[in-house]
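In this text the structure is predicted, and so the values were computed from the model without any measurement.
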Amino acid sequence: RENAENAIQNEFGYSSKLSFKKYELSDSIKDSIEMRVKQGFYSDFVYTWVISVKDSITGFALLDNVKGKTMPITFLTMFDTGEKLVNASILKYREPIGGDVGRKYWLNQFLGKTAKSAFDDIDGISGATISVNSVTKGIQKLTLLLNGIKSDLITDE
């Protein structure tokens, strides 16, 4: 959590207020997103943050895991208030190969993506096919999830 919050504040500013919530996923939203993306959620919850400055919401962040070849990959997505992806980062990569998915040049392909975006234009990385597919689908899942739960996050704020 500390690494995630440092990354969020690095993106949104250290004067940002972060409201953390472990968000339990309902079966209906899980099933709907999993069917669309063709990848299951790693668990029944994701970690979420509402980011604000002076009582005004400036963004959202969601943290989740996806399965790599043998180990989970922990990643963080950050969105502006229009649900546009402004940052994606790999917080913990546990595999011996395929770590290039954590490089900014690759992750920058996701910038600007929303729930309405296609995710079929993401370039692969030689030797990291499993990681590329997992992380791409994972980011797409969180983009769709934010679209479905944003009002809950704001209400809880």
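Heavy-atom minimum distance, Ala88 versus Leu107: O-CD1, 3.4 Å. Taking every heavy atom of both residues into account, Gly124 and Val132 meet most closely at CA-CG1, 4.1 Å. Residues Ile51 and Ala61 come closest through the heavy atom pair CD1-N, 3.9 Å. Scanning both residues, Ala7 and Leu76, for their nearest heavy atoms gives CB-CD2, 3.8 Å. Across Ile73 and Gly68, no two heavy atoms sit closer than the pair CD1-CA, 3.8 Å. Shown here for Ala115 and Asn147, the closest heavy-atom pair between the two residues is CB-CB, 3.7 Å.
Tyr14 and Leu18 are members of different hydrophobic clusters when ILVMFWY side chains are connected at heavy-atom separations under 4.5 Å. The hydrophobic cluster containing Phe60 also contains Tyr23, counting ILVMFWY residues as joined when their side-chain heavy atoms lie under 4.5 angstrom apart, directly or transitively. At a threshold of 4.5 Å between side-chain heavy atoms, the hydrophobic network of Ile, Leu, Val, Met, Phe, Trp and Tyr places Leu62 and Ile57 in one connected group. Cluster membership for Val135 and Phe119, using ILVMFWY side-chain heavy atoms within less than 4.5 angstrom, is shared. In the hydrophobic cluster analysis, where Ile, Leu, Val, Met, Phe, Trp and Tyr join through side-chain heavy atoms closer than 4.5 angstrom, Ile130 is grouped apart from Ile122.
Residues Ile139 and Phe75 are in side-chain contact: their nearest non-hydrogen atoms beyond the backbone lie under 4.5 Å apart. For the pair Thr48 and Ile149, the minimum side-chain heavy-atom distance is below 4.5 Å. Using a 4.5 Å cut-off on side-chain heavy atoms (C-beta onward), Leu142 and Leu85 make no contact.
Within the cation-pi definition used here (under 6.0 Å to the ring centroid, within 45° of the axis), Lys30 does not qualify as a partner of Phe41. Annotation: cation-pi geometry satisfied between Arg1 and Phe20 (NZ/CZ under 6.0 angstrom from ring centroid, within 45° of ring axis).
Within 6.0 Å of NZ in Lys104 there are more than 12 heavy atoms belonging to other residues, nucleotides or ligands. Residue Lys84 places its NZ atom among 12 or fewer non-hydrogen atoms of other residues, nucleotides or ligands, all under 6.0 Å distant.
Under the 3.5 Å distance criterion, the side-chain polar atoms of Ser16 are left unmatched by any main-chain donor or acceptor of Gln9. The backbone N or O of Gly82 lies less than 3.5 Å from no partner atom in the side chain of Lys150, so there is not a single donor-acceptor pair. In terms of modelled atom types and a separation under 3.5 Å, the side chain of Ser89 and the main chain of Leu91 share no donor-acceptor contact. Distance alone, capped at 3.5 Å, places no donor-acceptor pair between the Glu11 side chain and the Ile8 backbone. A donor-acceptor contact shorter than 3.5 Å links the side chain of Thr155 to the backbone of Ser151.
Interatomic distance, Lys141 NZ to Thr136 OG1, rounded to the nearest 0.5 Å: 11.5 Å. Distance CD/Glu83 to OG/Ser117: 11.0 Å, rounded to 0.5 Å. Expressed to the nearest 0.5 Å, how far CG of Asp64 lies from CG of Leu145 amounts to 8.5 Å. Ile97 contributes atom CD1, which lies 9.0 Å from atom OG1 of Thr129 (distance to the nearest 0.5 angstrom). Rounding to the nearest 0.5 Å places CZ of Phe12 at 5.5 Å from OG1 of Thr58. Atoms CG and CD1, on Leu25 and Ile33 in that order, are 7.5 Å from each other to the nearest 0.5 Å.
With sequence neighbours excluded, the residues that form a side-chain contact (heavy atoms from CB on, under 4.5 Å) with Asp31 are Asp27, Glu34. In this structure, the side-chain contact (heavy atoms from CB on, under 4.5 Å) partners of Lys137, at least two apart in sequence or on a different chain, are Val37, Lys38, Gln39.
Partner of Phe79 under the side-chain contact (heavy atoms from CB on, under 4.5 Å) criterion, out of Thr114, Leu146, Val86: Leu146 alone. Among the candidates Asp121, Thr77, Thr143, the single residue satisfying the side chain to side chain donor-acceptor pair (under 3.5 Å) test with Lys113 is Asp121.
Aromatic ring pairs are classed by plane angle as parallel below 30°, tilted from 30° to 60° and perpendicular above 60°; the pair Trp49 and Tyr47 is tilted.
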Hey, mind stepping through Val101 and Tyr93 against side-chain contact (heavy atoms from CB on, under 4.5 Å) and telling me if it holds?
-> CA-CA 9 Å; Val101 294; Tyr93 190 84; 3.7 Å; yes
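Of the N and O atoms on the side chains of Thr70 and Arg94, not one donor lies less than 3.5 Å from an acceptor on the other residue.
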